[in-house]
Amino acid sequence: MIHCSALLLSSDRMVQQVSDRPTADHEAKISLPKTSESETLKKIRHTTSHVMAMAVQKLFPKAQVTIGPWIENGFYYDFDSPEPFSEEALKAIKKEMIKIINKKLPVIREEVSREEAKRRIEAIGEPYKLEILDDIKTEPITLYHLGDQWWDLCAGPHLENTSEINPKAIELETVAGAYWRGDATKAQLQRIYGTAWESPEQLTEHKRRKEEALKRDHRKLGNQLDLFHFQEAAPGSVFWHARGWTLFQQLIAYMRMRQERAGYIEVNTPDVMDRSLWETSGHWQNYRDHMFTTVTEDDRVFALKPMNCPGAVSLFKHGLKSYRDLPIRMAEFGKVHRYEPSGTLHGLMRVRHFTQDDAHIFCAQEDMARECEEVVKLVLDIYKELGFAEVSIKLSTRPENRIGTDQTWDLLEAALSSALSALNLTYQINEGEGAFYGPKLEFVLHDAIGRDWQCGTLQVDLNLPERFDIEYVTKEGDRSRPVMLHRALFGSLERFIGILIEQYSGDLPFWLAPEQVRLLPVGDDFRAFAEAAAAQLRSAGVRVTVDQSGDRLGKIVRNAEKEKIPVMAVVGEKEVETNSLSLRTRADGDLGSVTVADTIERATAANRDRTTF
RNA sequence: GCCGGUGUAGCUCAGUGGUAGAGCACUCGAUUCGUAAUCGAGCGGUCAGGGGUUCAAAUCCCCUCACCGGCUCCA
């Protein structure tokens, strides 16, 4: 028995050791194709989703089918079912699917006229399909049959026979709610997410990657690395621990330095302002439900700022501005407060109180394009330095409901798109998704499991200059309305940190690490030397601690590794004699003996140049 | 906000109607140790909160809150 548990323990340790190493994606043994890049996968996933829908209707005859497309890592299918699908139901559905696969049903494509399609749908009583049919503008209508047992409207393509699906390469993953047509006012459907691959090996790899991604979850790492926590008393609000706050402050210091170099000034505006100001800005009318407010003893209504812009505009408006003052690039690290719906909160990614690295650029219209280009250059350069080479850029253009003339919008959209094309950037256009007061650029980053999050943004604002009636004096002595660019590069510091943690699996670059160096005394006799060396490092601006546990070296190395401290320095008799440190880094392991002076040199250089230690 | 799920010690989790458990962490003692876990003892729980069913509830039912997976939304 002792034998057995000892074995278990050691194998456990092996697993942990291997998985906890900094190089997370070392073993890309199997490359996984994406649906969008593989015709085979498209067919597999289309057909598997049909097989699933057939299985669902067999087990749940009251369930009605709606849509079921492939997605990048699998497929889903939405059903309108009076009873929700449980975990057990999912298992039963999968079992039924395997039966269908084993029946080796041929997948038959049939072309019919619109009337015929309609007649058949009515015959089986599937109202959602009728709506889908109405949306199909072309004729003939294609139907895909699974043998003579089930059919669905579908554009295809499909496999030729259900037996081509490998039953060991499919999985039903999760059930979720989804609105019909993505419209919250319409019926809520049950969505089953599944996945299907060419081989069982691919499925295993897919599952492995999902598990790997789970370990990088910033919520998990935030807890493990003692960075922050959440409490029931303050849903959607971050309690920043000393370590997390250090990271936060490092990012602000970095951004402040970059902005200073780029010709920004920094200001600060009130967190709580009278309701009337928010009425002027228009936020009260549009976002009252999502604002935190407070009523004072004398019955004055104040709101916690949900945006920094009214404060910035107020600053611009204070005192007369000349064309000589422009452009004014006015930055503010402002904390904004939004009462986000409970269901949308998500770790650091979506919170109710967050800090924006906000800035408002007031400039003459003729300078707008140049300023936009500078912002895009800056944001991408900063992302690159922080390890994000791949950034999705989206341009949201004029919506239906908008202020301003078409001519003005042409100008504003051109300012943004020309900034992108001047820099040779590819981007996606989100038609009609802009704000009512101006178009918008979004810089989107991805989290560990592939969810997209808008981080940086650049907007042109027509609304606030008008509403607050701001002006500057032109060369000719006239009054003119400045253009107002609204930009945030990290966007939300909270969200950006969440992304950053996941990007690095918690192994932050040396210059950002909350604790950069930990000294590990081999025994109590060497503690004094360690403290002295730490004091020297600390006065050189290195974030350093001395392990105080009194545990054995193996244990304290393990703890430092688990806490992802980038540099460990072992201190024992040898080191005291030679005034040196035995360095070990998380990235490269044992570096051997280095003098205290050289260690300081190395660490300060890495901080200064933002390079690895 | 909507659909579904989850909530047990600081952390990870076990416990399906009958005296609340384990490992780690923490505290104390022994050990003075050289690169991923030294040994022993101890401390630690309104089982998310409230209500109900029952002789008896962590366990069954209802409500609330928070979190998780989606959907909608995101100035």
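Because the structure is a prediction, the values reported are computed rather than measured. Letters go in sequence order (proteins before strands), and every chain restarts at 1.
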*Using atom P of each nucleotide, how far apart are B:C26 and B:G21 to the nearest Å?*
23 Å
*Charged N to carboxylate O under 4.0 angstrom, A:D217 versus A:K220?*
no
*Between B:G70 and B:U12, how far apart are the C1' atoms? Round to whole Å, please.*
26 Å
*Does A:F354 reach the side chain of A:R338, with side-chain heavy atoms less than 4.5 Å apart?*
yes
*Let me have RNA chain B in dot-bracket notation, would you? Count Watson-Crick plus G-U wobble pairs, both distances under 3.5 Å, and use [ ] for pairs crossing earlier ones and | for inter-strand partners.*
(((((((..((((....[..)))).(((((.......))))).....(((((..]....))))))))))))....
Short heteroatom pairs, N/O only, protein and nucleotides 49-51 of chain B, under 3.5 Å:
none

*Closest to the A:E232 side chain: B:A36, B:C65, B:G34?*
B:C65
*asked:* Under 4.0 Å, heavy atom to any atom of RNA chain B: which of residues 269-278 of chain A qualify?
replied: none
All N/O contacts under 3.5 Å from nucleotides 25-29 of chain B to the protein, with atom names and distances to one decimal?
residue, atom, partner, partner atom, Å
B:A25, OP1, A:K555, NZ, 2.8

*Could you work out the separation of B:G23 and B:A14 based on their C1' atoms and round it to a whole Å?*
11 Å
*Could you tell me which residues satisfy side-chain contact (heavy atoms from CB on, under 4.5 Å) with A:P235, sequence neighbours excluded, listed by chain and number?*
A:L345, A:R352
*Does the ring of A:Y76 carry A:R191 above it, NZ/CZ under 6.0 angstrom from centre and within 45° of its axis?*
yes
*Going by modelled atom types, is there a donor-acceptor pair between the base of B:G4 and the side chain of A:E83 at under 3.5 Å?*
no
_Protein within reach of the bases, or only the backbone? For nucleotides 70-75 of chain B, mark each nucleotide 5' to 3' as B, S or -, using heavy atoms under 4.0 Å._
BBBBBB
_Rounding to an integer number of angstrom, what distance separates B:G29 and B:A22 when you compare their C1' atoms?_
23 Å
*asked:* Is the distance between the ring centroids of A:F60 and A:F79 under 6.0 Å?
replied: no
*For B:A58 and B:C13, measure between their C1' atoms and round to the nearest Å.*
15 Å
*Where at least one partner belongs to residues 570-582 of chain A, residue pairs that pass side chain to side chain donor-acceptor pair (under 3.5 Å), sequence neighbours excluded*: A:T578-A:S580, A:S580-A:S593
_Could you work out, with salt bridge (charged side-chain N to carboxylate O under 4.0 Å, His left out) as the rule, every residue matching A:E131, not counting sequence neighbours?_
A:R181
*Only counting residues at least two apart or in another chain, list the ones meeting side-chain hydrogen bond (donor to acceptor under 3.5 Å, both in side chains) with A:D469.*
A:R481
*Contact nearer the 5' end of RNA chain B, comparing A:A234 with A:F526*: A:F526
*C1' atoms of B:C24 and B:C39, separation to the nearest Å*: 16 Å
*A:R219 has a side chain; which of B:A36, B:C68, B:G34 sits nearest to it?*
B:C68
*In terms of side-chain geometry, is the basic nitrogen of A:K207 or A:E171 positioned less than 4.0 Å from the acidic oxygen of its partner?*
yes
*Min side-chain heavy-atom separation A:T293-A:W278 under 4.5 Å*: no
*Taking atom C1' in both B:U38 and B:G7, compute the distance separating them and give it to the nearest angstrom.*
37 Å
*Answer with yes or no whether the side chains of A:Q548 and A:E531 bring together a donor and an acceptor at under 3.5 Å.*
yes
*Using salt bridge (charged side-chain N to carboxylate O under 4.0 Å, His left out) as the criterion, list what pairs up with A:R398, not counting sequence neighbours.*
A:D406, A:D410, A:E413
*Given side-chain contact (heavy atoms from CB on, under 4.5 Å), test A:V546 with A:F526 step by step and report yes or no.*
CA-CA 11 Å; A:V546 178; A:F526 314 107; over 6 Å; no
*Can A:R208 and A:E212 be counted as an ion pair, charged N to O under 4.0 angstrom?*
yes
*asked:* It should be established whether A:R527 places a side-chain nitrogen or oxygen under 4.0 Å from OP1 or OP2 of nucleotide B:C33.
replied: no
Check: residues 455-464 of chain A side-chain donor-acceptor pairs under 3.5 Å, at least two apart:
residue, atom, partner, partner atom, Å
A:T457, OG1, A:L441, O, 3.2
A:Q459, NE2, A:Y437, OH, 2.9
A:D461, OD1, A:N463, N, 2.7
A:D461, OD1, A:L464, N, 3.2
A:N463, OD1, A:R467, NE, 3.2

*When the P atoms of B:C55 and B:G42 are considered, how many whole Å apart are they?*
39 Å
Please table the atom pairs, donor to acceptor, closer than 3.5 Å between any side-chain atom in residues 62-71 of chain A and protein atoms at least two apart or in another chain.
residue, atom, partner, partner atom, Å
A:Q64, NE2, A:G125, O, 3.3
A:T66, OG1, A:D78, O, 2.6

